[in-house]
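As structure tokens, the structure follows; a few thoughts come after it.
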Amino acid sequence: MFWDKEMETLGGRALEDLQVKRLRQTIRQAENVPFFKDLLKEKSVSAEDINKIQDVSRLPFTTKKDLQKGYPFGFMAVPKKEIVRIHTTSGTTGKPTVVGYTRNDLDNWSELIARNLTMVGLTDEDTFQNAVNYGLFTGGLGFHYGAEKVGMTVIPSGTGNTKRQIEMIDDFGVTAVHCTPSYAMHLAEVAEEMGTTLDTFKTGLFGAEPWSDNTRRTLEQKLGVTAFDSYGMSEMYGPGAAFECPERNGLHFWHDSFLIEIIDPETEEILGPGECGELVVTPLVKEAMPLIRYRTGDITCILDDECPCGRGPRIARITGRSDDMLVIRGINVFPSQIEHVLRTLPEVGDQFMVYVDRINHLDEMAIDIEIKKEFFSGELKDLERIQKKIIHALRDTLNLRTKVNLVEHESLPRFEGKAKRVVDRRGDVI
Ligand code: ADP
Ligand code: ZN
């Protein structure tokens, strides 16, 4: 199903012409920001130099650090009175970035969310529980207005009070939920304890943090939903920049609104389709906070084979952020890989925590892992067998020996928003 078929399926020359036109407008808009004005002057490049889409490579990159230096309003390209809303990033990697929106920005954003929801088959017949934080985090209000636009019955439940959330799902006949995959895991756990089967549920929209395909299978089975991946970031309005279609084989980016590139994070060289690297995004219609070649830090690749749904090129699911990557004794490890391995093991429960230390100049990774109730009551030798099994499974995939501590069900933290499962103590004096 399409919300805006013309834009969603626009391709070839027509799309390029639109992107070039919008890229030029974006550069002009960005010149209202002293940082971009100076940078573009220094690089001797202006909107007039963009004649084809490949000319984007003449433009300089913008980084998260640049945005942090502009805190709070240094990157706004319109007068304050035109800004009708403020959000901030979650601040996962340092000081949060402030993002401003004009009325047009908010309209465009909710249009994109409406496209996503319609793409996965949701309509005005659906009842939608938005179980994310409704504060400065973009996932709350962002999804809310998009879902209202589609005409869904929206329940702005926010996070927390999980038992009540489960009751609402049953009482109100909720058909679709949006939350982080971490919170979805917790919802599933509490629903199981309460003995409800969430019969009306059919669609789960999960995003804002990396989650593996094995987690998808677990969530689908526990919640009885078809689960879709939602990607976005505050700098690109918020969630909704890219989303899975019913094929669930990569996420469609909305190419009329964002120009995407993949670069080698070290050399900044532009990589071709299928090559993994850092995603760089230039939003094409933003007014309050235009950005040029924004280095997202997120690792993915472009899939340009045709999707049967008729929409444009997709990106692969995000492996993680380049700064999430742990380098343990020279080996690169993404927390999402650990999660992927753990979810294949039937004895492992829902939660784990990773600790990294430097002991006698050597990096050591230790993982606390919750074991399902039925396996924890066993004898010591059974637990040792499970522990060995986990260590082997991790070593096979990560090429790394890790220390594994088995802990009881419900002894590790649960997360309502984005999970923080890695504690890197290598900088600490122990
Ligand atoms: P912060 O960068 O402070 O966490 P945001 O709340 O804007 O602020 O989060 C955006 C980031 O969240 C993205 O850059 C990405 O790293 C992560 N993210 C969002 N959606 C997904 C997803 N579906 N898969 C993996 N990571 C995601
Ligand atoms: Zn598709």
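Note that the numbering runs from 1 along the sequence shown for the chain. For ligands, and for the atoms within them, numbers begin at 1 and follow the listed sequence.
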task: Step by step, work out the side chain to side chain donor-acceptor pair (under 3.5 Å) result for Tyr294 and Glu235.
output: CA-CA 9 Å; Tyr294 182 66; Glu235 293 86 345; 3.0 Å; yes
Aromatic ring proximity, centroids under 6.0 angstrom, Tyr237 and His87: no
message: I'd like the name of whichever of Met233, His87, Arg317, Glu209 reaches closest to atom 27 (C) of ligand 1 through any heavy atom.
response: Glu209
- line: Closest heavy-atom approach to atom 23 (N) of ligand 1 among Pro181, Ala242, Ser230, Gly297 is made by Ser230
How does [X] reach ligand 1, by side chain, by backbone, by both or by neither, if only non-hydrogen atoms under 4.0 Å count?
X	answer
Arg321	side chain
Thr89	both
Pro239	neither

Are [X] and [Y] within salt-bridge range, i.e. N to O under 4.0 Å?
X	Y	answer
Arg343	Asp213	no
Glu111	Lys149	yes
Arg58	Asp55	no

field: Angle subtended at the Zn ion (ligand 2) by SG of Cys309 and SG of Cys307, nearest 10°
entry: 110°
- prompt: Rounded to 10 degrees, what angle sits at the Zn ion (ligand 2) between Cys245 SG and His252 NE2?
  reply: 110°
Could you list which atoms of ligand 1 come closer than 4.0 Å to a heavy atom of [X]?
X	answer
Gly232	10 (C), 13 (C), 19 (C), 20 (N)
Ser234	5 (P), 6 (O), 7 (O)
Lys64	2 (O)
Asp229	22 (C), 23 (N)

- prompt: Under the 3.5 angstrom rule, does the side chain of Glu278 hit a backbone N or O of Gly297 as a donor-acceptor pair?
  reply: yes
field: Validation row: Arg22, Gln25 side chains within 4.5 angstrom (heavy atoms)
entry: yes
Close side-chain approach of Phe206 to Phe228, heavy-atom, < 4.5 Å: no
- request: Run the contact test for Lys418 against ligand 1 with a 4.0 Å cut-off on heavy atoms, strictly below, and give the result.
  value: yes
